[in-house]
Amino acid sequence: MTTLVQSVDWLAIAPPALTALVALALLVADLFLPEARKPLLGLGAVAGLALALLSLLPLLDGDRATFCVDGAGCGYRADHFALTVQLLVLGGALLTALLSFTAVREQRLPAGEYWFLLLSSAAGAALLPAARDLATLIVALEVATLPSFALVGLRHGERRSAEAALKFFLSSVTATAVTLLGTAFVYASTGSVHLDAIAAALGDVDPQLRTLARVGVVLTLVGFAFKTAAVPFHFWVPDTYTGAPLPVAAYLSVVGKAVGFSGLALVTVRAFPSYGNVWGPALAVLAALTMTIGNAAALRQDPTRPFSAVRLLAWSSVGQAGYLLVPLASAAYTDRPEHALGATLAYALMYAAVNLGSFAAVALLGRGRLADFRGLYARKPALALLLAFFLLCLAGLPPGLAGLFAKLAVFEAAIDAGLGWLAVVTAVNVAIALVYYLRWTATLFRAPPEPATDAPATDAPATDAPAARDLPAAGAGTVTAVREKAPAEAPPRRPLALVTALALCGLLAVALSAAPQLILRLADTRLF
């Protein structure tokens, strides 16, 4: 007789559970703390995320499962795949929390709500890679996504923020509806919600239900494609990133992508292996379109346009999503799907460290235009060198060996799967991306702009002075004040948390570049 009584392995579920408990504790503490003590909430969030990261250590020695039903399977499994994604998610959330101290204070964001929403989203993101049934997968996906809407629109009275949140909300709701419909069709055709049972049932589905199963598979893939910002479901990305607080944009670019890709990996490789002839070609085409359109749009960014630095990172993240899709598509054509997933995770870890570092550099400089980075090396050499290193990692050029070897892992996955055409498209896009990454890098080391004089400049606009519209807290006379008083101004105080986040990203990028075998070893790890 099958029993529905389930035991709970508290150690296995500790990472997402601790994150959720700390989120609730911070929300309650916000009710009793006076305004002057609100910064303590940020310290509590950092401590909670650090504790959740430490809870991964006891799980490294084995494969633990919980919420199991006899004869059906387990709803939660802490295997190598889940632990790797949880490390990425919780580490990314911790770095985002460090980035957020300055934004919460300077943009007057409600501290209690901000930290609660950030940790709630991180809890859902940490739960998702360990989900092994459709119900847990969908719940985790929504727990990770719903707080993000509020985070994007948390700047009260900011029209750009409200528009970004609305666009993000509408696209995600559409994705959720499509995903729910697809998973409902899959359940109707297989009679199970557990991924392993679905995989077994789809291999021998009733002929009368075969069309229903195929439609369910396709709709589920479309829903997750929205979450990964794959073309043509990417339209929300640039406006959402520029409208959101900068730490939230950094969070979405890393943790949001980890959520979408881990869910996509689970439903394709784990639940739908027998339908590889459906999702394999679809993901390959999506990968080619995503990297091409993302890189082409990043290449066309006007350096004098407001928020052009953030927009370039937004379009770059779309292009990077295309690279991440390549190994997933390759998994349908190989006898070693775990190897293909390992290449995706290796690339995601490299991308997380250097992309968060790039956002941290933009936040520390406090300017949103690419033109404002001209001559940065002359003013702040350490910051310029770090940003240049991050950009070279994203481009895959030495000394950014982390990016180089991550891209090699992606190429190897495509070639091993016989997708030569996709490897060629990837190589062309890597060359396209080199142009805008190197162009930004060269800007850092150019001669600083000439100081403005009292005479009107008729030859060219003063694009190297920070524009008032680019600085949210600036007044109408900001540009004039900067031109007249810049030489006499004292150097701005550098927030400790922001500098710490930048330093941690730099250390991670350097460590992965110094020991690239860590990336290649992950690609050969048994994940499931």
Side-chain angles (χ1 to χ4, degrees), residues 6-27 45 48-60 63-69 73-94 96-97 116-149 151 172 175-176 179-180 183 193-196 220 223-224 227-228 251-252 254-267 270-271 345 348 352 527-528:
Q6 302 178 16
S7 60
V8 179
D9 185 344
W10 293 103
L11 185 61
I13 66 172
L18 283 173
T19 308
L21 288 174
V22 173
L24 291 173
L26 293 177
L27 185 63
L49 289 168
L51 185 62
L53 275 170
L54 290 175
S55 69
L56 293 174
L57 295 177
L59 304 175
L60 297 178
D63 185 358
R64 306 174 73 103
T66 187
F67 302 119
C68 300
V69 177
C74 298
Y76 185 102
R77 186 173 293 277
D79 53 19
H80 293 289
F81 174 81
L83 296 179
T84 303
V85 179
Q86 286 175 344
L87 172 65
L88 190 158
V89 164
L90 296 174
L94 177 61
T96 302
F116 168 73
L117 291 169
L118 180 64
L119 267 69
S120 297
S121 178
L127 172 62
L128 190 141
R132 293 298 180 268
D133 65 67
L134 293 177
T136 306
L137 193 66
I138 297 300
V139 169
L141 186 65
E142 292 312 301
V143 171
T145 304
L146 288 175
S148 301
F149 306 149
L151 285 172
S172 293
T176 300
T179 305
L180 284 173
T183 53
V193 295
H194 289 87
L195 303 185
D196 291 338
T220 304
F224 278 102
K227 303 296 184 181
T228 58
Y251 177 83
L252 292 176
V254 171
V255 178
K257 275 191 172 45
V259 168
F261 279 99
S262 57
L264 193 59
L266 287 173
V267 296
R270 191 85 185 202
L345 291 183
L527 295 175
F528 291 144

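- Using a 4.5 Å cut-off on side-chain heavy atoms (C-beta onward), S121 and V255 make no contact.
- When all heavy atoms of P129 and S262 are compared, the pair lying nearest together is CB-CB, 4.3 Å.
- In terms of modelled atom types and a separation under 3.5 Å, the side chain of T145 and the main chain of E142 share no donor-acceptor contact.
- Residues that satisfy the side-chain hydrogen bond (donor to acceptor under 3.5 Å, both in side chains) test with T136, not counting sequence neighbours, are D133.
- Taken to the nearest 0.5 Å, the CG atom of L26 stands 11.0 Å off from the CG atom of L21.
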(request) Any chance you could lay out the side chain to side chain contact (heavy atoms under 4.5 Å, CB included) test for L345 and H80, step after step, and finish with the verdict? (result) CA-CA 11 Å; L345 291 183; H80 293 289; over 6 Å; no
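- In this structure, L119 and A45 approach most closely via the heavy-atom pair CD1-CB, 3.6 Å.
- Looking at every heavy atom in both residues, Y76 comes nearest to Q86 through OH-NE2, 3.3 Å.
- Note that SG of C68 and NE2 of H194 are 7.5 Å apart. Values are rounded to the nearest 0.5 Å.
- To the nearest 0.5 Å, atoms OG (S148) and CG (L117) are separated by 8.5 Å.
- Contact of the L53 side chain with the L94 side chain is registered, since non-hydrogen atoms from C-beta on lie closer than 4.5 Å.
- Distance OG1/T179 to CG/L134: 10.5 Å, rounded to 0.5 Å.
- Under the 4.5 Å side-chain criterion, counting only non-hydrogen atoms from C-beta, K227 is not in contact with V259.
- In plain terms, the two heavy atoms of P15 and L56 that are nearest each other are CG-CD2, 3.5 Å.
- Between D196 and R77, no side-chain nitrogen of the basic residue sits less than 4.0 Å from a carboxylate oxygen of the acidic one, so the salt-bridge criterion is not met.
- Separating the CG atom in L118 from the CG atom in L151 is a distance of 6.0 Å, to the nearest 0.5 Å.
- Partners of K257 by salt bridge (charged side-chain N to carboxylate O under 4.0 Å, His left out), not counting sequence neighbours: none found.
- Shown here for T19 and A122, the closest heavy-atom pair between the two residues is CG2-CB, 4.1 Å.
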Verify side chain to side chain contact (heavy atoms under 4.5 Å, CB included) between L88 and V254, making sure each step is shown before the conclusion.
CA-CA 9 Å; L88 190 158; V254 171; 4.0 Å; yes
Stepwise side chain to side chain contact (heavy atoms under 4.5 Å, CB included) test for V22 and L51 = CA-CA 10 Å; V22 173; L51 185 62; 5.6 Å; no
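- Taking 4.5 Å as the limit, some side-chain heavy atom of L266 sits within range of a side-chain heavy atom of L195.
- Across every non-hydrogen atom of F261 and T228, the tightest pair is N-CG2, 3.7 Å.
- Atoms CG and CD1, on L127 and I13 in that order, are 9.0 Å from each other to the nearest 0.5 Å.
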